[in-house]
Amino acid sequence: MHAVRESLLESQAAATGLPLVKVPIPWPCPNEAYEQAMAAAMESAKSQGVTRMVFGDLFLEEVRRYREEKLAPCGITPLFPIWGVDTTELSRDMVDAGLRAYLTCVDPRQLDPKFAGRTFDAALLKDLPPGVDPCGEKGEFHTFAYQGPMYRAPISASVGTVVERDGFFFADLIPGPASARAKGGA
């Protein structure tokens with residue numbers, strides 16, 4: 001759903017100093033194929049000594065339950081360190097701490113497509129309409145974090161073309177300098 005180039009994911013991993021484990025899935029990907037690929041990846045992780053997995057879920061009970069059910073067979077314990085945190089407060093705290101991200105995917109049923117490609121910053125939070133979760137927890141939008149305290153250095157990317165595909169609007173991020181559009185908002 002994030003629709004981000006692999007090279008940018010690799011840049012994120014390098015910027016954090018953490019290893020990146022890719023789990024290939026087909027496109028389109030039926031849920032059964034996704035679950036098989038993830039089960040194999042979790043078994044591999046378990047065999048390499050992984051005992052816990054951290055998730056950034058905030059309040060969707062069905063998502064949490066799904067993760068718990070899918071991890072149970074392999075014995076990896078799911079952790080939800082920000083579960084129940086107020087998302088308005090969390091979004092402000094993230095921005096205040098220096099997190100910046102691009103909105104890479106927007107669900108037009110929940111948010112104006114013009115938000116695709118915008119920077120997740122104080123201006124965006126101010127512009128979000130009532131009913132839209134400021135962390136996008138209900139699927140209103142998905143992001144790519146390019147700057148923040150978790151990175152050794154910012155990740156250079158610019159917003160390319162925004163396209164509609166499968167009922168969603170996606171902003172293509174291109175490795176390289178930030179674009180004027182992303183810096184200036186919508």
Side-chain angles (χ1 to χ4, degrees), residues 1-58 60 63-64 66-83 90-91 93-95 97-106 116-121 135-137 139 141-161 163 165-166 168 170-179 182:
M1 286 306 300
H2 295 258
V4 174
R5 296 168 189 247
E6 279 189 58
S7 63
L8 288 171
L9 298 177
E10 291 162 355
S11 294
Q12 280 183 318
T16 62
L18 296 172
L20 174 64
V21 176
K22 297 178 187 178
V23 180
I25 55 175
W27 179 260
C29 185
N31 200 49
E32 182 178 291
Y34 170 80
E35 289 180 352
Q36 288 173 352
M38 290 306 296
M42 294 307 98
E43 287 298 332
S44 175
K46 180 71 174 181
S47 73
Q48 295 174 42
V50 172
T51 59
R52 295 177 299 277
M53 185 167 293
V54 179
F55 295 93
D57 298 303
L58 293 160
L60 297 175
V63 173
R64 180 177 177 150
Y66 177 83
R67 296 189 196 292
E68 291 168 338
E69 289 171 4
K70 295 303 173 186
L71 284 176
C74 68
I76 294 176
T77 303
L79 302 175
F80 302 88
I82 58 174
W83 184 260
L90 178 61
S91 63
D93 288 348
M94 290 188 302
V95 168
L99 177 85
R100 296 296 179 274
Y102 291 117
L103 272 63
T104 58
C105 176
V106 169
R118 284 210 36 195
T119 299
F120 185 89
D121 57 12
C135 291
E137 184 70 352
F141 59 87
H142 299 278
T143 61
F144 172 82
Y146 64 86
Q147 180 178 314
M150 67 286 201
Y151 294 146
R152 296 174 179 157
I155 297 164
S156 184
S158 64
V159 177
T161 306
V163 298
R165 185 174 63 244
D166 299 326
F168 295 89
F170 295 92
D172 183 25
L173 297 185
I174 302 164
S179 72

**Message:** I'd like to check the salt bridge (charged side-chain N to carboxylate O under 4.0 Å, His left out) partners of K70; sequence neighbours left out, ordered by chain and number.
**Reply:** E35

**Complete:** Checking F144, F141, Y146 against Y102 for ring-ring contact (aromatic ring centres under 6.0 Å, His included), the one that qualifies is Y146

**Message:** Under the salt bridge (Lys or Arg N to Asp or Glu O under 4.0 Å) definition, can you give me all pairs with a residue in residues 21-30, not counting sequence neighbours?
**Reply:** E6-K22, E10-K22

**Prompt:** Ignoring hydrogens and geometry, is there a side-chain-to-backbone donor-acceptor pair from T104 to H142 under 3.5 Å?
**Reply:** yes

**Message:** Hydrogens and angles aside, do Q12 and T16 bring a side-chain donor and acceptor to less than 3.5 Å of each other?
**Reply:** no

**Request:** Indicate the atoms forming the closest heavy-atom contact of R100 with V95, along with that distance.
**Result:** NH1-O, 3.1 Å

**Prompt:** Parallel, tilted or perpendicular for F55 and F80, by the 30°/60° rule?
**Reply:** parallel

**Request:** Please name the residue in the list P28, C29, P24 that meets the side-chain contact (heavy atoms from CB on, under 4.5 Å) test with P26.
**Result:** C29

**Request:** Would you check if L173 and V159 make a side-chain contact, meaning some heavy-atom pair closer than 4.5 Å?
**Result:** yes

**Asked** Any idea which heavy atoms bring E43 and C74 closest together, and the distance?
**Response** OE2-CB, 3.0 Å

**Message:** Applying side-chain contact (heavy atoms from CB on, under 4.5 Å), can you list everything that pairs with S11, at least two apart in sequence or on another chain?
**Reply:** I155

**Y66 OH: over 12 foreign heavy atoms closer than 6.0 Å** = yes

